[in-house]
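Read the structure below first, then the notes.
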Amino acid sequence: MSTGEAVAGPDGAPRCPWALSTADYVTYHDEEWGRAVHGDVALFERLSLEAFQSGLSWITILRRREGFRAAFAGFSIPEVAAFTDADRERLLGDVGIIRNRAKIDATLANARVLAGWAPGELDELIWSHAPDPAGRPAPKTLADVPAVTPESTALSKALKKRGLRFVGPTTAYALMQACGLVNDHLSRCVTRSAP
């Protein structure tokens with residue numbers, strides 16, 4: 001039975017245990033998860049993918065990420081904001097993505113909202129909710145990693161107040177983890193101190 005502590009990976013180095021089930025996860029964990037992501041397009045992509053992940057495993061989204069990028073014009077906010085009903089129907093039939101009507105509609109609606117924001121505004125809003133890293137001890141086990149925090153609840157409320165959809169506190173926290181606003185690599189994880 002797993003204790004939720006860091007576990008030796010394929011190279012013998014300790015990693016967060018969730019990262020070891022597939023080679024795709026090892027690469028994502030080591031090279032992306034928890035590293036700072038900036039830029040409206042990159043954050044719109046992550047926000048959208050976290051919404052699509054809701055209720056599914058992240059590997060399902062990760063393995064379709066290139067399909068999502070192709071389907072959603074590289075997550076260009078102006079391009080997705082201009083999608084038509086025909087584009088929506090195309091997305092609903094696209095086997096390269098998750099064909100969930102509510103999530104597709106939320107992504108299109110979010111792009112339309114974000115198209116009216118100033119450049120850098122999404123980045124600024126999201127990063128304004130990053131907690132002080134000094135106030136967060138490194139988690140020792142997976143049980144020490146929360147699913148929701150006061151900061152993710154505040155971020156969710158701020159995004160919803162501005163008109164964004166599918167951005168609940170759990171989704172907001174997953175975004176914070178993935179984009180480096182928080183560092184939830186376990187204390188013994190080899191990637192915890194990576195730049």
Side-chain angles (χ1 to χ4, degrees), residues 1-70 74-75 96-98 122-156 159 167-195:
M1 185 168 157
S2 172
T3 61
E5 295 176 354
V7 176
D11 58 0
R15 286 179 176 79
C16 302
W18 64 262
L20 299 175
S21 61
T22 72
D24 292 338
Y25 263 161
V26 173
T27 300
Y28 175 71
H29 168 272
D30 288 2
E31 298 176 10
E32 291 186 63
W33 192 75
R35 305 227 180 168
V37 173
H38 285 282
D40 293 344
V41 172
L43 289 168
F44 173 54
E45 174 182 336
R46 300 317 192 284
L47 189 64
S48 300
L49 294 179
E50 292 295 348
F52 273 100
Q53 186 270 330
S54 181
L56 302 170
S57 68
W58 178 246
I59 197 69
T60 303
I61 303 303
L62 190 59
R63 289 183 172 158
R64 288 176 171 82
R65 184 162 55 173
E66 291 309 316
F68 276 106
R69 287 173 174 164
F75 289 94
I97 67 170
I98 304 301
L122 178 61
D123 189 302
E124 184 179 333
L125 177 82
I126 288 174
W127 278 90
S128 73
H129 289 82
D132 178 0
R136 293 177 50 88
K140 291 185 173 118
T141 71
L142 292 179
D144 298 329
V145 178
V148 174
T149 64
E151 294 87 1
S152 76
T153 300
L155 175 57
S156 170
L159 292 168
V167 289
T170 303
T171 297
Y173 193 67
L175 176 76
M176 293 171 79
Q177 291 175 304
C179 295
L181 281 77
V182 296
N183 183 354
D184 278 343
H185 286 285
L186 300 183
S187 56
R188 290 188 54 247
C189 177
V190 68
T191 312
R192 175 144 184 101
S193 59

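Remember, predicted model here, so these are calculated numbers, not experimental data. This chain uses plain numbering: 1 for the first residue, then up along the sequence. All heavy atoms count here, side chains included; hydrogens, waters and symmetry mates do not.
- Scored by the side-chain contact (heavy atoms from CB on, under 4.5 Å) test, Thr153 finds Val148, Lys157, Pro169 as partners (sequence neighbours excluded).
- Contacts of Glu66 classified as side-chain hydrogen bond (donor to acceptor under 3.5 Å, both in side chains), with partners at least two apart in sequence or in another chain: Arg69.
- Pairs passing the salt bridge (charged side-chain N to carboxylate O under 4.0 Å, His left out) check and including a residue from residues 175-189, sequence neighbours excluded, read Arg136-Asp184.
- Contact between Leu186 and Gly4 at its shortest, heavy atoms only, is CD1-O, 3.3 Å.
- Under the side-chain hydrogen bond (donor to acceptor under 3.5 Å, both in side chains) criterion, the residue pairs touching residues 46-58 are Ser57-Thr60, with sequence neighbours excluded.
- Under the salt bridge (Lys or Arg N to Asp or Glu O under 4.0 Å) criterion, Glu124 pairs with no residue, sequence neighbours left out.
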Exercise for the section: Determine, stepwise, if the pair Arg64 / Ile97 fulfils side-chain contact (heavy atoms from CB on, under 4.5 Å). Expected result: CA-CA 6 Å; Arg64 288 176 171 82; Ile97 67 170; 5.6 Å; no
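- Here the SG-CD distance, from Cys179 to Glu32, works out to 9.5 Å after rounding to the nearest 0.5 Å.
- Not counting sequence neighbours, the partners of Asp30 by the salt bridge (Lys or Arg N to Asp or Glu O under 4.0 Å) test are Arg15.
- Of all heavy-atom pairs between Asp123 and Leu43, the closest is CA-CD1, 3.5 Å.
- Taking the side-chain hydrogen bond (donor to acceptor under 3.5 Å, both in side chains) definition, one finds that Asp40 meets it with nothing, sequence neighbours left out.
- For the residue pair Ala172 and Ser152, the shortest heavy atom distance occurs at CB-O, 3.5 Å.
- When all heavy atoms are compared, the tightest approach of Pro139 to Asp144 is CB-CB, 3.7 Å.
- Applying the side-chain hydrogen bond (donor to acceptor under 3.5 Å, both in side chains) test to Asp132 and every residue at least two apart in sequence or in another chain returns nothing.
- Here Asp24 pairs with Thr22, Ile59, Leu62, Arg63 under the side-chain contact (heavy atoms from CB on, under 4.5 Å) rule; sequence neighbours left out.
- Closest non-hydrogen pair, Phe75 versus Phe44, comes out as O-CD2, 3.3 Å.
- By the side-chain hydrogen bond (donor to acceptor under 3.5 Å, both in side chains) test, His29 is found to be paired with His185, residues two or more places apart in sequence or in another chain being considered.
- With sequence neighbours left out, the side-chain contact (heavy atoms from CB on, under 4.5 Å) criterion links Ala36 to His38, Trp127.
- To the nearest 0.5 Å, atom CG of residue Leu175 and atom OG1 of residue Thr170 are 12.5 Å apart.
- Closest approach of Gly12 to Ala8, counting heavy atoms only: O-CB, 3.7 Å.
- Partners of Tyr25 by ring pair (Phe, Tyr, Trp, His ring centres under 6.0 Å), not counting sequence neighbours, listed by chain and number: Trp18.
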